[in-house]
Protein chains: 4
Amino acid sequence: MAATKPTPDASRRSEKSRRAIYAAALELVTEAGYARTTIEGIAARAGVGKQTIYRWWSSKADVLMEAYLDLADQTAEQTADQAADQAGADPAPGNYALPDTGDLAADLKLVLRATVDELLDPRFEVPSRALAAEGIADAAVGREVVAKLLEPSLQLYVQRLRAAQRAGDVRPDLDPRIALELFVSPLAQRWLQHTAPISYDYTDTLVDYALYGLAPR
Amino acid sequence: MAATKPTPDASRRSEKSRRAIYAAALELVTEAGYARTTIEGIAARAGVGKQTIYRWWSSKADVLMEAYLDLADQTAEQTADQAADQAGADPAPGNYALPDTGDLAADLKLVLRATVDELLDPRFEVPSRALAAEGIADAAVGREVVAKLLEPSLQLYVQRLRAAQRAGDVRPDLDPRIALELFVSPLAQRWLQHTAPISYDYTDTLVDYALYGLAPR
Amino acid sequence: MAATKPTPDASRRSEKSRRAIYAAALELVTEAGYARTTIEGIAARAGVGKQTIYRWWSSKADVLMEAYLDLADQTAEQTADQAADQAGADPAPGNYALPDTGDLAADLKLVLRATVDELLDPRFEVPSRALAAEGIADAAVGREVVAKLLEPSLQLYVQRLRAAQRAGDVRPDLDPRIALELFVSPLAQRWLQHTAPISYDYTDTLVDYALYGLAPR
Amino acid sequence: MAATKPTPDASRRSEKSRRAIYAAALELVTEAGYARTTIEGIAARAGVGKQTIYRWWSSKADVLMEAYLDLADQTAEQTADQAADQAGADPAPGNYALPDTGDLAADLKLVLRATVDELLDPRFEVPSRALAAEGIADAAVGREVVAKLLEPSLQLYVQRLRAAQRAGDVRPDLDPRIALELFVSPLAQRWLQHTAPISYDYTDTLVDYALYGLAPR
DNA sequence: TGATAACCGAGACGGTACGTCCTGTCTTGAG
DNA sequence: CTCAAGACAGGACGTACCGTCTCGGTTATCA
């Protein structure tokens with residue numbers, strides 16, 4: 001509630017500058033990597049004074065976070081528009097739920113395949129990997145990354161697993177927040193740390209292993 | 001193998017400086033964090049010329065990597081010595097295998113509980129998290145981190161799971177390298193990204209879920 | 001004469017703002033020095049928008065110049081009022097002439113002693129020194145300073161010396177504009193450049209040296 | 001004596017950088033003026049890191065002061081060399097005394113004419129005016145300017161006037177330090193403040209007025 | 001008696017320079 | 001040759017002001 005700094009007046013903010021800064025930040029991170037991207041460089045590329053960046057963002061990570069969220073929002077909107085063109089009215093912003101066809105394994109495989117696509121799309125990969133790395137190194141950034149990028153997606157899995165529990169497809173006693181990690185975390189770790197390549201086959205296998213366990217039946 | 005630079009003469013290297021640099025690097029990373037740790041700072045704290053660092057290491061991450069490996073080796077040696085005092089001669093450096101009591105679930109839970117202890121020990125946590133973050137941001141560092149810190153540990157799980165397959169405790173058709181991720185990666189992600197707290201209960205649960213699957217039997 | 005910019009309408013100018021800007025400028029210059037006085041600082045102290053300053057003045061030096069002239073006018077008015085209270089009506093603004101008692105040496109010593117007083121009065125010293133310095137550095141400012149602050153005073157000496165020439169107290173062939181510099185410039189230089197302290201004794205000595213020369217008679 | 005900062009090691013100082021900085025500072029001040037000359041600009045023009053300037057000098061004025069002193073020394077050396085070529089051995093650095101031909105007026109006029117030449121030489125005029133202005137605005141700089149540039153020259157006049165007093169050409173009771181100001185300060189003020197042009201005629205007149213006084217004989 | 005045009009406070013904006021910090025290279029003198 | 005020490009060219013940091021601009025909000029004539 002309380003203002004800590006001279007509090008800039010958001011209503012007079014330059015929309016043009018904001019968009020130019022987002023674009024410059026994403027371009028530079030993609031071209032040169034996060035470490036070689038500088039506030040000065042973003043300002044220069046965006047044709048903006050440095051102070052305009054420092055006025056509205058607290059750090060390089062903060063700029064990139066918002067730029068990435070903006071990119072994700074716009075992309076989601078486009079995807080939704082295309083889907084709406086095909087399937088009828090659905091003006092909802094944000095993806096609110098995982099598919100539920102009744103076949104849990106198939107639904108999870110579908111979603112994870114889409115995640116693989118996204119993780120391998122260079123427009124998303126470079127900035128989101130940079131944000132993840134910065135979030136690991138800096139706890140404050142980490143909280144933001146988890147709260148705004150990671151946890152919302154994970155909650156969709158929680159909901160889908162709860163539905164599966166109600167349908168009798170998942171043991172009723174287990175914790176969905178832990179269960180989802182069995183197939184999500186392995187993918188995340190392979191992608192983040194390059195421990196091994198990721199593919200549709202791999203995520204399909206993860207779902208099978210997780211649903212039916214490692215021990216023989 | 002091949003030397004690219006004027007090749008420093010390793011036989012004349014100052015052992016004292018090397019140890020002082022390791023100590024300074026670990027102290028500074030723990031005190032101030034990786035980002036605020038600088039080569040100049042390490043040199044000053046170690047009472048060493050900057051060139052001595054640049055002569056033997058290629059980057060801040062490289063210094064910290066070796067310092068951390070050295071710390072881990074020394075700690076492992078001490079642990080081994082204590083174990084040897086109790087159980088007889090065992091001069092082997094490095095832990096070569098996971099325990100195999102015949103009870104796979106119990107063995108995995110034991111090892112994961114030890115991992116939790118290590119991940120929460122501040123002497124290890126700060127530098128290894130820094131290395132992980134740097135490894136995500138910088139692919140070259142990432143390869144080193146995976147090859148020297150991560151993969152060796154994972155291979156121990158592969159071996160234990162193969163033994164379990166031979167014993168009939170794990171389905172014979174599944175890939176151990178993927179299987180191990182069901183309980184290792186969730187722990188890794190929670191620790192790396194602070195998505196949720198880690199505990200003995202949590203790792204025990206992971207083992208149960210992974211071995212017996214999410215679907216009802 | 002001709003206006004180059006959108007020509008502000010002087011009749012609608014805010015008198016309150018003008019006075020607040022003068023006060024703020026003089027205060028800040030006195031407190032912090034000319035270099036650390038900024039347009040933003042003056043605006044903030046005066047509770048005025050920056051544009052109000054840029055609308056009416058062309059530079060920091062310009063603001064200070066007017067503020068100083070205003071201060072000098074007001075002070076002269078007060079002095080004149082006091083004198084008028086004692087000696088009868090004299091509503092004239094500005095001091096029009098040096099005293100002429102018939103004793104040139106005494107008159108000059110009196111005026112120079114008053115000048116010493118003014119040069120050592122902190123309310124005048126700081127801003128006028130700042131203006132002098134800026135006038136030396138910047139030729140445009142210099143012209144203003146000389147025309148508005150310096151030359152008017154010097155002309156009073158010219159007039160008094162001309163009277164002395166007519167009275168036979170000064171050689172008739174010499175140039176009064178040069179002659180006055182013999183006692184005025186030394187005082188100016190000592191004050192401006194702190195080459196040596198200034199005092200009544202010093203200015204008295206200057207008058208004696210200048211009137212009667214260095215060579216023996 | 002006591003070191004206040006990490007004290008750079010002067011013996012390892014780069015002579016090349018020092019000379020490049022002097023040259024760049026003088027060039028920029030002459031081309032663009034003191035106010036538009038920046039430390040960054042000097043560093044860039046000299047092909048030098050900014051830190052190299054901040055390591056050895058405390059301010060822009062300090063750089064320019066040393067650069068100007070260096071220029072003056074070198075010029076004096078060249079002049080002395082030329083004089084020595086004509087008149088025999090005279091390896092003395094610095095001009096130690098004013099000429100003394102026995103004719104005080106002639107000697108003073110000669111020296112003041114040389115001063116006029118120097119004050120109008122653009123290589124000297126721009127930087128020395130800048131230093132004078134900065135010295136008026138900033139007391140610390142002012143002390144340096146007076147001690148290193150101004151007072152040494154004035155002391156030469158003191159010596160010449162003392163000799164004249166011994167020779168009976170100047171009244172024995174007067175203070176040479178004040179006396180010299182009668183012809184030096186007017187020239188200084190005209191030059192500094194552009195109150196009027198300076199010329200040989202003008203300085204000749206000053207000497208005459210000062211020696212023989214304003215009052216009729 | 002509104003309209004309309006200015007000045008006004010406020011402050012965001014594109015820029016420039018500041019003085020500091022650190023990088024990775026190079027140089028010096030001691031061992 | 002290594003080493004401690006640290007000067008060097010370079011470049012990014014985050015801050016402070018510059019001078020311009022735009023935004024509502026008062027005035028203060030004119031229609």
Side-chain angles (χ1 to χ4, degrees), chain A residues 6-14 16-17 20 35-44 46-56 58-60, chain B residues 6-14 16-17 20 36-41 43-44 46-56 58-60, chain C residues 6-14 16-17 20 36-44 46-56 58-60, chain D residues 6-14 16-17 20 36-44 46-56 58-60:
Chain A
T7 330
D9 177 348
S11 70
R12 308 191 114 175
R13 186 167 180 181
S14 162
K16 209 177 92 186
S17 294
R36 269 185 298 279
T37 297
T38 65
I39 300 261
E40 290 204 336
I42 295 171
V48 137
K50 281 205 289 179
Q51 203 57 39
T52 300
I53 298 184
Y54 285 110
R55 190 166 13 242
W56 301 110
S58 63
S59 65
K60 186 171 66 166
Chain B
T7 330
D9 178 348
S11 69
R12 308 192 58 172
R13 183 170 182 183
S14 162
K16 208 176 90 186
S17 294
R36 269 185 297 277
T37 297
T38 65
I39 300 262
E40 288 204 336
V48 137
K50 281 202 297 179
Q51 198 59 271
T52 301
I53 297 182
Y54 283 108
R55 190 161 18 238
W56 302 109
S58 63
S59 66
K60 184 170 70 166
Chain C
T7 331
D9 178 349
S11 70
R12 309 192 57 169
R13 183 168 181 183
S14 162
K16 208 177 91 187
S17 295
R36 269 185 297 280
T37 297
T38 65
I39 300 261
E40 291 205 336
I42 295 171
V48 138
K50 283 203 293 179
Q51 198 59 270
T52 300
I53 297 183
Y54 284 109
R55 186 159 25 232
W56 301 110
S58 63
S59 66
K60 183 171 67 167
Chain D
T7 330
D9 178 348
S11 71
R12 312 190 96 175
R13 185 168 181 183
S14 162
K16 209 176 89 186
S17 294
R36 268 185 298 279
T37 297
T38 65
I39 300 260
E40 289 205 336
I42 296 171
V48 137
K50 280 202 294 179
Q51 202 57 40
T52 300
I53 298 183
Y54 284 110
R55 184 159 26 238
W56 301 109
S58 62
S59 65
K60 186 170 68 166

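When reading the values below, keep in mind they use all heavy atoms of this one structure, side chains included, and skip hydrogens, waters and symmetry mates. Owing to the predicted nature of the structure, the values given are computational and were not obtained by experimental measurement. Lettering follows sequence order; numbering is per chain, from 1.
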**Student:** How does protein contact run along nucleotides 26-31 of chain F, one letter per nucleotide 5' to 3', with B for base contact, S for sugar-phosphate only, - for none, heavy atoms under 4.0 Å?
**Tutor:** -BS---

**Student:** For the NZ atom of Lys50(D) and the CD1 atom of Ile39(D), what is their distance to the nearest 0.5 Å?
**Tutor:** 8.5 Å

**Student:** Look at the side-chain N and O atoms of Thr38(A) and state whether any lies under 4.0 Å from the OP1 or OP2 oxygen of dG11(F).
**Tutor:** no

**Student:** Arg55(B) side chain: which of dG24(E), dC18(F), dT2(F) is closest?
**Tutor:** dT2(F)

**Student:** Tell me if the side-chain of Gln51(B) makes a donor-acceptor pair with the base of dC3(F), cut-off 3.5 Å, by modelled atom types.
**Tutor:** no

**Student:** Which residues pass the side-chain contact (heavy atoms from CB on, under 4.5 Å) test with Thr52(B), not counting sequence neighbours?
**Tutor:** Ser17(B), Ile21(B), Val48(B), Arg55(B), Trp56(B)

**Student:** Between dC8(E) and Trp56(C), is there an OP1 or OP2 to side-chain N/O distance shorter than 4.0 Å?
**Tutor:** yes

**Student:** Do the side chain of Lys50(A) and the base of dG15(E) come within less than 3.5 angstrom through a donor-acceptor pair of N or O atoms?
**Tutor:** no

**Student:** Are OP1 or OP2 of dA9(F) and a side-chain N or O of Ser17(D) less than 4.0 angstrom apart?
**Tutor:** yes

**Student:** With Thr38(D), which residues qualify under side-chain contact (heavy atoms from CB on, under 4.5 Å), at least two apart?
**Tutor:** Glu40(D)

**Student:** Just to confirm, is there a sub-4.0 Å distance from OP1 or OP2 of dT2(F) to any side-chain nitrogen or oxygen of Ser14(B)?
**Tutor:** no

**Student:** When all nucleic acid strands are considered with a 4.0 Å heavy-atom cut-off, which category describes Gly47(A): base, sugar-phosphate, or nothing?
**Tutor:** sugar-phosphate

